[in-house]
Amino acid sequence: QVQLVESGGGLVQAGDSLRLSCAASGRTLSTDVMGWFRQAPGKERQFVSRITWSGGATDYADSVLDRFTISRDSAKNTVSLQMNSLKPEDTAVYYCATARYAGYRTPNYYTAPNAYQYWGQGTQVTVSS
């Protein structure tokens, strides 16, 4: 079992920056994949970014590429999402999630919420125009 706690959400203006953090505890594994997803009211949960603990390999949704940066601090068991040049369209509840490594998969496997077994409670990000 893995416990995840997100923090760092808030209200900002368009063009501003915000940094989200996710603290992981419990039975975490070096082979885990850590992901960030977001969900706006009335919309499906959407992939934002992911990173591997061991190698630090990253992936981003096209909508956030070149604006958001995911990183991890293995010593502290934390994953961060640095969000720059925020837009009103980024407004959503942001969730941290853990996926156990599932072996060979197609490149988009870890962009699907169903690949992840553990989820945090979410943190609200609101971007005003």
So how far is it from [X] [atom1] to [Y] [atom2], rounded to the nearest 0.5 Å?
X: Ser85; Y: Arg67; atom1: OG; atom2: CZ; answer: 7.0 Å
X: Ser63; Y: Arg38; atom1: OG; atom2: CZ; answer: 4.5 Å
X: Gln1; Y: Arg27; atom1: CD; atom2: CZ; answer: 10.0 Å
X: Arg72; Y: Cys22; atom1: CZ; atom2: SG; answer: 14.5 Å
X: Thr126; Y: Gln13; atom1: OG1; atom2: CD; answer: 13.0 Å
X: Phe37; Y: Arg50; atom1: CZ; atom2: CZ; answer: 10.5 Å

Under a 4.5 Å side-chain heavy-atom rule over Ile, Leu, Val, Met, Phe, Trp and Tyr, are Tyr101 and Trp119 clustered together?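 Shared cluster, yes.
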
Is there a donor-acceptor pair under 3.5 Å between the side chain of [X] and the backbone N or O of [Y]?
X: Gln39; Y: Glu44; value: no
X: Gln3; Y: Ala24; value: no
X: Thr123; Y: Glu6; value: no
X: Gln124; Y: Gly9; value: no

Kindly give the cluster partners of Val12, where membership spreads through any ILVMFWY side chain lying under 4.5 Å from a current member.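 Its cluster partners, ordered by chain and number, are Val2, Leu4, Leu18, Leu20, Met34, Trp36, Val48, Ile51, Trp53, Tyr60, Val64, Leu65, Phe68, Ile70, Val79, Leu81, Met83, Leu86, Tyr94, Tyr118, Val125, Val127.
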
For residues [X] and [Y], determine if any side-chain heavy atom of one lies less than 4.5 Å from a side-chain heavy atom of the other.
X: Asn77; Y: Thr28; answer: yes
X: Ser21; Y: Thr78; answer: no
X: Thr31; Y: Arg100; answer: no

On the ring face of Tyr95, is Arg45 found with NZ or CZ under 6.0 Å from the centre and within 45° of the axis?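 Yes, a cation-pi geometry holds between Arg45 and Tyr95.
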
Proximity of Phe47 and Tyr110 rings by center, below 6.0 Å: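 Ring centroids of Phe47 and Tyr110 are no less than 6.0 Å from each other.
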
Apply the test side chain to side chain contact (heavy atoms under 4.5 Å, CB included) to residues Thr98 and Gln117: give CA-CA distance (whole Å), side-chain angles for both, the deciding distance (0.1 Å), then the verdict. CA-CA 6 Å; Thr98 298; Gln117 291 77 49; 5.8 Å; no

Testing the basics here: between Pro88 and Ala14, what is the closest heavy-atom pair and its distance to 0.1 Å?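 Shortest heavy-atom contact: CD-CB, 4.1 Å.
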
